[in-house]
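None of the values given here were measured: they were computed from a predicted structure.
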Amino acid sequence: MKKIKLVPVLIVALLLSLSVNLYFGGHHLGRFVSSGPCDKPAWRAREEALKARLSPDDYAVVRAHKAEKKKQFRAEREKLDQARRDVEMAMQTEPFDQATLDAALEQERILKTAMLQRMRESRDKVKGQLSPEGQVIFSEVMKAQAQATPEPSRD
């Protein structure tokens with residue numbers, strides 16, 4: 001008798017487990033496939049402005065390019081973040097070594113310059129693929145963001 005009552009409980013548990021796994025698997029897959037939200041409020045605002053102002057075709061060009069470059073920029077950002085941590089560590093190391101700090105600062109500068117150059121090249125490539133109207137809008141949005149973004153302090 002107990003055997004018969006156990007089977008429906010196991011079936012319900014299996015279906016519940018399966019549904020939870022499908023839900024979270026779909027959620028994870030959706031986040032992986034989509035470009036997802038931007039990391040910074042200014043980037044989010046730029047993304048929203050581009051989406052609102054560009055034609056659907058032009059916005060599709062921007063999204064496709066963003067998806068294509070996502071891994072590259074993420075890898076470069078991780079290298080730059082590590083270089084910044086190296087600078088911080090060199091500044092806090094006892095005894096202080098100016099040569100180590102100088103080397104860490106130079107590495108950070110090289111990585112930051114290279115990343116900024118690739119970002120500029122990427123923006124130029126996207127702009128070249130947009131319609132004439134899209135190029136004007138893209139330039140306006142990028143200029144507005146550059147003017148609204150304060151320079152980071154180097155305290």
Donor-acceptor pair, S139 side chain versus Q135 backbone, under 3.5 Å? yes
Nearest heavy-atom neighbours spanning T93 and M89: OG1-O, 2.6 Å
Residue pair K127 / F138: nearest heavy atoms and the distance that separates them: CB-CD2, 4.1 Å
Is there a path from M119 to L111 through hydrophobic residues (I, L, V, M, F, W, Y) whose side chains come within less than 4.5 Å of each other? yes
Which heavy atom of D58 sits nearest a heavy atom of S131, and at what distance? OD2-OG, 2.6 Å
Is there a side-chain contact between V62 and L130 in this structure, where contact means two heavy atoms from C-beta onward sitting under 4.5 Å apart? yes
Rounded to the nearest 0.5 angstrom, the CD-CZ distance for Q107 and R109 is 9.5 Å
When you compare the side chain of L101 with that of Q98, does any pair of heavy atoms fall below 4.5 Å? yes
Note, E140 side chain near R53 side chain (heavy atom, < 4.5 Å): yes
I need the R118 CZ to E121 CD distance, nearest 0.5 Å. 7.5 Å
At what distance, to the nearest 0.5 angstrom, does CD1 of I110 lie from CG of L80? 12.0 Å
Ionic contact status for D81 with R77, cut-off 4.0 Å: yes
What I'd like to find out is whether the side chain of K66 reaches to under 4.5 Å of the side chain of F73, using heavy atoms alone. no
Could you check whether any side-chain heavy atom of Q117 comes within less than 4.5 Å of a side-chain heavy atom of T113, counting everything from C-beta outward? no
Between CE on residue M142 and CZ on residue R123, distance to nearest 0.5 Å: 4.5 Å
E108 side-chain N/O to R84 backbone N/O, donor-acceptor pair under 3.5 Å: no
Here the gap from E68 atom CD to K125 atom NZ, rounded to the nearest 0.5 Å, amounts to 4.5 Å
